[in-house]
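To find a chain, count down the sequence lines: A is the first, B the second, and so on, and within it residues start at 1.
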There are 2 protein chains.
Amino acid sequence: MAQATGPSRSQPATLSDVARLAGVSVATASKALNGRSQVRAETRQRVIEAAERLRFRPNQVARGLLAGRTGTVGLLTSDLEGRFSIPILMGAEDAFGAGEVAVFLCDARGDAIREQHHVRALLGRRVDGLIVVGSRTDPRPSLGRELPVPVVYAYAPSEDPEDLSIVPDSVGAGRIAVDHLLACGRTRIAHITGDPGYLAARERAEGARAALADAGLALVGEPRFGAWSEGWGRAATAMLLDQHPDVDAVLCGSDQIARGVMDVLRERGHRVPEEVAVMGFDNWRVLTSASRPPLTSVDMNLEQVGRAAAHALFTAIGGARRSGAESLPCRVVIRGSTAPLS
Amino acid sequence: MAQATGPSRSQPATLSDVARLAGVSVATASKALNGRSQVRAETRQRVIEAAERLRFRPNQVARGLLAGRTGTVGLLTSDLEGRFSIPILMGAEDAFGAGEVAVFLCDARGDAIREQHHVRALLGRRVDGLIVVGSRTDPRPSLGRELPVPVVYAYAPSEDPEDLSIVPDSVGAGRIAVDHLLACGRTRIAHITGDPGYLAARERAEGARAALADAGLALVGEPRFGAWSEGWGRAATAMLLDQHPDVDAVLCGSDQIARGVMDVLRERGHRVPEEVAVMGFDNWRVLTSASRPPLTSVDMNLEQVGRAAAHALFTAIGGARRSGAESLPCRVVIRGSTAPLS
DNA sequence: AAATGAACCGAAAAGGCTTTCAGAGACGCT
DNA sequence: AGCGTCTCTGAAAGCCTTTTCGGTTCATTT
């Protein structure tokens with residue numbers, strides 16, 4: 001806790017410091033460091049050495065002021081808590097960081113006022129674009145068409161079809177899940193899922209039903225909507241087993257639900273996956289790998305959603321505007337809870 | 001997917017636009033908008049109206065260039081995946097966002113090279129300071145003393161005692177956990193924890209042992225180090241029950257371990273909390289609320305760590321430098337898995 | 001020897017804002 | 001009338017970099 005005066009904290013070197021040390025003008029120093037051709041090799045070398053000696057790093061702020069482009073983007077999340085935002089954010093950060101773009105992170109905490117505040121602040125900082133990350137796949141209000149920079153919506157699409165949104169293909173996710181269970185030879189498939197207020201729940205159920213219909217089959221009973229919790233998974237499974245003791249697969253709306261389902265199956269003596277196969281959605285490691293057996297799950301490829309959003313924004317900044325909701329495929333990650341019927 | 005030309009994308013208004021519309025000079029316009037006193041009320045009003053009409057937002061880039069302070073900080077995480085970084089990041093973002101500071105997010109992916117790259121990029125953008133967030137509490141290499149801006153380390157302290165680090169009090173966490181169990185009347189307490197390579201595991205064990213010693217007691221057996229997984233929790237519990245069937249509390253190194261512990265306890269017919277109390281660390285909602293019964297856990301107050309780091313950085317930017325590792329207290333969140341012995 | 005061209009360098013402007021300082025006008029006082 | 005004192009306004013400098021364009025030097029050509 002010493003109240004030290006600390007190291008120098010000297011101002012970083014500027015281009016004119018470098019120029020002075022190298023004995024040239026700032027213009028020449030700039031050209032030398034930026035690889036412009038109108039400077040003698042020997043002079044360039046002198047400048048480069050001077051720059052190294054002074055640990056010169058060009059001031060991106062000044063550069064941004066001049067160029068009109070700052071090389072920054074705003075990443076607007078509605079809730080960092082939600083585990084869906086994080087992988088998207090990682091993907092976007094990754095895609096930008098590889099280039100020379102820096103990311104401003106803003107968390108609106110699910111509050112529209114705060115979101116508006118952040119948008120204003122970001123525009124004041126002259127970001128080149130915005131990515132808006134939602135916490136669920138239901139459409140959300142647009143930030144508006146009047147913004148001076150391009151905007152890309154990720155995970156939660158904009159309500160305005162003129163905006164560009166990148167979303168996971170929830171219907172397709174339901175389809176590939178069922179396809180996998182069918183490939184395992186299962187035919188009596190039940191669906192226990194979460195809150196019907198969530199579009200993701202409804203779309204996955206719709207995809208599952210469609211895939212079964214394509215195979216001339218139907219779900220065992222109706223889809224059981226409830227909550228995104230283990231508790232609901234347990235309760236729904238108990239009811240399911242009472243009504244349909246012959247199910248050979250349960251497709252669960254989330255990994256949490258799946259854990260609850262598997263617990264009850266085990267307690268009631270149904271072996272997984274030999275007698276009943278179980279699948280989840282989200283591919284949330286901590287749940288899938290800790291369950292017994294490890295849980296097969298549909299991964300929404302969220303990191304890829306983030307990367308795609310970043311890429312779309314990048315090209316939009318370059319001038320190529322797109323619009324509408326573009327959906328990205330999900331993938332099945334197979335683990336021990338599903339296996340072919342023997 | 002229409003290839004539209006899109007809305008105007010017109011350049012944002014500048015101060016001179018405002019000044020022209022209001023019929024004053026840019027200098028006067030600036031003073032009017034910034035509340036400087038040397039401008040007549042009526043003139044100020046004219047300028048403000050003009051600014052509103054043009055939707056003028058002052059360019060923070062230009063302002064930053066002039067002031068030498070950009071009002072930005074860099075948030076450097078080593079892995080966004082890790083769930084410990086996120087709450088810290090939320091706390092920091094929150095503390096800054098309330099003021100007028102914007103946060104650059106950079107994820108080094110645990111790679112020192114990439115970290116160095118990000119530091120350089122951030123310094124090039126002239127951030128006013130840096131927060132370095134680690135993924136575990138073990139000390140990490142310092143970024144160095146030669147940086148032109150203040151740095152605060154959060155969660156993972158710097159190896160250099162001259163740096164300022166904000167960390168959770170792991171020893172204290174172990175103590176308060178045991179204190180809670182003692183308050184519940186438990187005296188035969190076992191400790192099943194994670195990877196001994198983690199300082200957090202060792203410090204929590206040490207705190208637990210110290211608190212027991214203060215009460216004239218000792219752990220049942222040695223602390224059982226292993227892995228941060230449910231699987232280890234299950235395995236260790238099986239061994240524990242064989243050797244010490246009379247334990248009345250298990251303090252677990254993490255919530256994941258605790259879930260494994262509780263599963264085996266239930267399977268073996270030990271009632272929780274009546275016969276055996278169980279506690280975890282981390283207070284990870286998805287685990288604590290889904291377990292049966294809900295899990296009592298020690299919360300590391302990570303969001304507060306983030307906020308404290310932000311605050312420390314803010315004052316350091318203001319000139320007040322501190323150093324050393326400052327630790328913040330943790331807190332016990334009581335749920336159904338612990339209760340007084342009847 | 002003079003003219004041409006190439007190669008290299010530097011002055012200056014631009015980008016948007018804040019701040020300083022000098023000037024302009026209004027007012028009261030001697 | 002002349003002077004000092006206020007209050008307000010605007011010109012200009014400065015922040016740091018890039019880029020344009022005019023100028024200098026030197027070698028080459030006629």
Side-chain angles (χ1 to χ4, degrees), chain A residues 10-48 50-51 54-72 100 121 123-128 148-149, chain B residues 10-48 50-51 54-72 100 121 123-128 148-149:
Chain A
S10 57
Q11 295 302 318
T14 74
L15 187 59
S16 69
D17 296 331
V18 174
R20 195 172 327 116
L21 181 59
V24 299
S25 73
V26 289
T28 304
S30 172
K31 281 179 282 199
L33 294 175
N34 290 308
R36 292 277 165 286
S37 62
Q38 319 119 333
V39 47
R40 194 165 30 158
E42 181 213 299
T43 310
R44 185 188 306 276
Q45 196 53 38
R46 261 207 339 273
V47 173
I48 289 175
L54 296 175
R55 283 211 190 74
F56 171 72
R57 318 242 90 229
N59 184 332
Q60 297 296 133
V61 176
R63 195 180 276 193
L65 179 60
L66 190 59
R69 305 234 286 73
T70 53
T72 61
E100 293 297 77
L123 292 178
R125 296 217 130 84
R126 295 300 187 269
V127 293
D128 296 331
V149 296
Chain B
S10 58
Q11 296 301 319
T14 74
L15 186 60
S16 68
D17 296 332
V18 175
R20 197 173 323 117
L21 181 59
V24 298
S25 72
V26 290
T28 303
S30 171
K31 281 178 280 199
L33 293 174
N34 290 308
R36 291 277 164 285
S37 63
Q38 319 116 333
V39 47
R40 196 165 26 161
E42 179 214 301
T43 311
R44 184 188 306 277
Q45 197 52 40
R46 264 211 332 277
V47 173
I48 289 175
L54 297 175
R55 282 209 191 77
F56 171 71
R57 315 242 93 227
N59 185 330
Q60 297 297 132
V61 176
R63 195 180 276 196
L65 180 61
L66 188 59
R69 305 234 284 74
T70 53
T72 62
E100 292 298 77
L123 291 179
R125 295 215 131 84
R126 295 300 186 270
V127 293
D128 296 332
V149 296

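For the pair R126(B) and N59(A), the minimum side-chain heavy-atom distance is below 4.5 Å. Side-chain contact between T43(B) and R46(B): present, with at least one pair of heavy atoms (C-beta onward) separated by less than 4.5 Å. At least one side-chain heavy atom of L33(A) sits under 4.5 Å from a side-chain heavy atom of L15(A).
Separating the CD atom of Q38(A) from the P atom of dC21(D) is a distance of 12 Å, rounded to the nearest angstrom. Per the geometry, CZ belonging to R125(B) stands 22 Å off P belonging to dC15(D), to the nearest Å. We find that CG of N59(B) is positioned 18 Å from P of dC15(D), with the value rounded to whole Å. The CG atom of L65(A) sits 12 Å away from the P atom of dT17(D) (whole-angstrom rounding).
Taking for each of R57(A) and R46(B) the nucleotide of DNA chain D with the nearest heavy atom, the 5'-most of the two is the partner of R46(B).
For the atom pair CZ (R40(A)) and CD (Q45(A)), the distance works out to 13.0 Å, reported to the nearest 0.5 Å. For the atom pair CZ of R57(A) and CZ of R125(B), the computed distance is 12.0 Å after rounding to the nearest 0.5 Å. To the nearest 0.5 angstrom, D128(A) atom CG is 5.0 Å from R69(A) atom CZ. Distance check, rounded to the nearest 0.5 Å: CD of Q11(A) to CG of D17(A) gives 10.5 Å. Annotation: the span from R36(A) atom CZ to T28(A) atom OG1 amounts to 13.0 Å, rounded to 0.5 Å. Atom CG of residue L65(A) and atom CZ of residue R63(B) lie 13.5 Å apart, to the nearest 0.5 angstrom.
Comparing dT18(D), dT17(D), dC15(D) by their nearest atom to the side chain of L66(B) picks out dC15(D). Here the nucleotide nearest the side chain of A27(B), chosen from dC21(D), dA11(D), dT17(D), is dA11(D).
Along DNA chain C, read 5' to 3', the first and last nucleotides having any atom under 4.0 Å from a heavy atom of chain A are dC8(C) to dG16(C).
Using a 4.0 Å cutoff on non-hydrogen atoms, the parts of residues 16-24 of chain B near DNA chain D are V24(B), ordered by number.
Residue contacts shown for S30(A) include a base, since a base heavy atom lies under 4.0 Å away.
S25(B) has a side-chain polar atom (N or O) that falls below the 4.0 Å cut-off from OP1 or OP2 of dG10(D).
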